[in-house]
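Contents: one structure, followed by commentary.
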Amino acid sequence: MWNRLRVAAWNLPFDEHSSCFGRDRKFENKQMILIRRKDRRPGEHVQGFQQTISRPTLATRLLVALCMLAGLAFAEPGPTNLIANVEGRTTTSLDGTWNTIVDPYEGGVGARFYQNAKPRSKNDLVEYDFDASQKLAVPGDWNSQRESLFLYEGTVWYQRYFPYSKGPRSRLFLYFGAANYIARVWVNGEKVGEHVGGFTPFNFEVTSNVVEGENSVVVEVNDVRQADGIPALNTDWWNYGGLTRSVDLIEVPESFIQDYFVQLAKNSQETIGGWVRLNGASQGNKITIEIPELHLKEAATADANGLGKFSFPAKPQLWSPENPKVYEVVISAAGDTVKDEIGFRSIETRGTQILLNGKPIFLRGISMHEEAAFRGGRAFSEEDDKVLLGWARELGCNFVRFAHYPYNEAMTRLADRMGLLVWSEISVYWSIAWENPDTLENAKEQLRDEIDRDHNRASVILWSLSNETPPSETGRTEFIKSLAQYARQLDPTRLLTSALNHTDKTGADTRTLNDPLGEYLDVLGLNEYVGWYEGKVEDTDRIQWQSSYQKPLILSEFGAGAVAGKHGDSDTRFTEEYQANLFDHQINMLKKIPFLAGMSPWVLMDFHSPRRMLPGIQDFYNRKGLISNRGQKKKAFYVLQKFYQQKEIEK
């Protein structure tokens, strides 16, 4: 098979008059990289699109992020155009039924699908018709909505109409909760932007693109896995494509509050501080920050970049799993007002302990996937979130690991209200293109967007930088070290972790965690599968765990597969008895680890995975869930629940 030409798609200047993305052109835009394959056949069309981002852009971002507040450490805003807190804005939902065209040969650009054209005469040739095409629900993935698309990876075009009448709020933005993986957006036939990354939000200003009356938005979504993408080619979850989260129109004034950070200062429980960033405002604009319940009203002044910093004493009730207290926070500036619900808590480490509000806490957790119970597909609704987090609470958890990508914002906000601490992760998963600077840039973009969206959520205590990445691969440690440095510049108030899985046998029954990445983390994560992928269940009785670092450890994964309702003896794989027995032995092993600060076994619920093909057992499901995808609790659920009840009593 001949390799096909790929064109980077960051502000892509494609040729609208050809059947491909500007075949063999030399782009003047220096943010672009054109990758040619020597063995490309003459006339072969461009396939797909992959992101590259200019290094000067990254340098500028890092320069801005390095300007930290003197004295008390507050997170600085990254240079992004993302609008924070969509819930607190004037919005019009575009959720619902969209017209769609499946485009496996990626001919839609050449055919100008983005124009949503109609024949102007009986002789006019237009070889597509959104209005007559099949429909898909948004939010939602295409795989679970249409049987013919269950295994489809490629391009799907989305289109819908929306009315618009200009109001007193004079600027309009089109906001996407997520689109997997690469999205390009047109309004009334004009391209307004594109985004790379399947799980983070993005928005584009469309003020000058809309007209009074009916408007058309067209989105091209491509979910083809990329060797230099984040994640890369190999994962262990379903590659759900499409507009998987909500789409909104956001109306704002000419000058508006774009983002803000309001949290306890690092190493303080009696100082609230942070910043507010304005868009379109001039230097000297007054900013007010109010917390009515605490009778606090403070002021800041915007600088030439629209950034206003503040710090003031306060004694809020501290947010915790036992008391998930949130306060209404009102921010006003330049004729704009935004309200949010924010909790205040401190998180830090001391030796091998994790301290919440200055006190040691054991994280009784579970790992999850953002997959909907019962109906299947990508979870996105309030009902989906309540079911999943409700099960975690029933299990006895005070902690959830959102693996292996950022989950939807509504789930993080629900964790705030329910009092569940959160590990939030980006998709630096297994082996990726460690030495490709564009891949690193992509990872930083996704990390930045995740932090920007959730940096006011009290529930989020851990930014996770990676999962099960091989330390032996060239460039791996430097790659993630760079992510750690960037994350600390964006948010120095939270802890950093990664799920490691490399240990050395330093004795007959001794395992030592000495991954060099541990040096750059605050909390160590460890995935181990003794009794499932390695050795026998009884081996856990002898193993002793050691660490080269005086840091807290979270056992971020262990587990075994089991089919709900399949029974047998404890030596028979895929039975509930095998899984429950493994959990019993694993828990007894973990009790002997003196530096253990928490755990999040794998996994809350069975989930779809293309790697799991065993007929009659897996059928494209990873069966390690403590609960089946149909809501059936397995024996191991009750084993872990009993242990967590005991830990709750002991605390």
Which atom of [X] lies closest to which atom of [Y], heavy atoms considered:
| X | Y | value |
| --- | --- | --- |
| Tyr520 | Thr477 | CE1-CG2, 4.0 Å |
| Leu526 | Leu555 | O-CD1, 3.4 Å |
| Leu420 | Cys397 | CD2-O, 3.5 Å |
| Arg401 | Ala499 | NH2-CB, 3.5 Å |
| Pro471 | Asp515 | CG-OD2, 3.8 Å |
| Ser424 | Glu450 | OG-OE2, 2.5 Å |

**OP:** Determine the sole option in Phe607, Phe620, Trp142 for which the ring pair (Phe, Tyr, Trp, His ring centres under 6.0 Å) test with Trp238 is passed.
**Re:** Phe620
Taking the ring centre of each residue, are [X] and [Y] less than 6.0 Å apart?
| X | Y | value |
| --- | --- | --- |
| Phe583 | Phe558 | yes |
| Tyr405 | His369 | yes |
| His455 | Trp463 | no |
| Tyr152 | Phe150 | no |
| Trp319 | Phe344 | no |
| Trp237 | His608 | no |
| Trp423 | His404 | no |

Looking only at side chains, do [X] and [Y] share a donor and an acceptor under 3.5 Å apart?
| X | Y | value |
| --- | --- | --- |
| Asp141 | Asn180 | no |
| Tyr549 | Glu519 | no |
| Asn456 | Asn85 | no |
| Glu538 | His585 | no |
| Ser431 | Glu473 | yes |

Thinking salt bridges, do [X] and [Y] make one under a 4.0 Å N-O criterion?
| X | Y | result |
| --- | --- | --- |
| Glu534 | Arg511 | yes |
| Asp340 | Arg457 | yes |
| Lys634 | Asp606 | yes |
| Arg245 | Glu370 | yes |
| Arg494 | Glu348 | no |
| Asp454 | Arg413 | no |
| Arg345 | Asp416 | no |
| Asp491 | Arg448 | no |
| Arg375 | Asp384 | yes |

Whether the side chain of [X] engages the backbone of [Y] through a donor-acceptor N/O pair (distance < 3.5 Å, no angle test) should be reported.
| X | Y | value |
| --- | --- | --- |
| Arg364 | Lys647 | no |
| Ser346 | Asn357 | yes |
| Glu576 | Lys635 | yes |
| Asn143 | Gly241 | yes |
| Ser498 | Leu500 | no |
| Lys592 | Asp541 | yes |

Original post:
When Asp504 is tested against each of Asn514, Thr510, Thr512 for side chain to side chain donor-acceptor pair (under 3.5 Å), which residue passes?
Top reply: Asn514
Any side-chain heavy atom of [X] sitting closer than 4.5 Å to one from [Y]?
| X | Y | value |
| --- | --- | --- |
| Phe399 | Ser600 | yes |
| Tyr240 | Asp223 | no |
| Arg378 | Thr244 | yes |
| Tyr429 | Thr469 | no |
| Leu483 | Lys444 | yes |
| Val523 | Leu496 | no |
| Glu528 | Tyr533 | no |
| Phe637 | Lys642 | no |

Subject >> Crowding at NZ, Lys505 (>12 non-hydrogen neighbours, <6.0 Å) >> reply: no
Subject >> Glu382 CD: over 12 foreign heavy atoms closer than 6.0 Å >> reply: no
Subject >> Among Ser556, Ser464, Pro552, the one residue meeting side-chain contact (heavy atoms from CB on, under 4.5 Å) with Thr497 >> reply: Ser464
Distance in Å, [X] [atom1] paired with [Y] [atom2], rounded so as to fall on 0.5 Å steps:
| X | Y | atom1 | atom2 | answer |
| --- | --- | --- | --- | --- |
| Ile347 | Ile361 | CD1 | CD1 | 7.0 Å |
| Asn622 | Arg612 | CG | CZ | 4.5 Å |
| Asp619 | Met613 | CG | CE | 11.5 Å |
| Ile432 | Ile480 | CD1 | CD1 | 7.0 Å |
| Lys266 | Thr271 | NZ | OG1 | 15.0 Å |
| Phe362 | Ile554 | CZ | CD1 | 9.5 Å |

**OP:** Could you please spell out the steps behind the side-chain contact (heavy atoms from CB on, under 4.5 Å) verdict for Ile627 and Gln632?
**Re:** CA-CA 5 Å; Ile627 305 173; Gln632 303 156 288; 5.7 Å; no
Subject >> Audit row: Asn527, Asn467, side-chain contact (heavy atoms from CB on, under 4.5 Å) steps and yes/no >> reply: CA-CA 9 Å; Asn527 298 353; Asn467 177 81; 3.1 Å; yes
Subject >> Test log, rule side-chain hydrogen bond (donor to acceptor under 3.5 Å, both in side chains), inputs Asn442 and Gln446 >> reply: CA-CA 6 Å; Asn442 185 351; Gln446 295 189 38; 2.8 Å; yes
**OP:** Go through the steps to decide whether Lys551 and Phe595 satisfy the test side-chain contact (heavy atoms from CB on, under 4.5 Å), and finish with yes or no.
**Re:** CA-CA 7 Å; Lys551 296 183 179 183; Phe595 47 93; over 6 Å; no
**OP:** Check the pair Thr572, Asp569 against side-chain hydrogen bond (donor to acceptor under 3.5 Å, both in side chains), reporting the backbone distance first and the verdict last.
**Re:** CA-CA 6 Å; Thr572 301; Asp569 59 55; 2.9 Å; yes
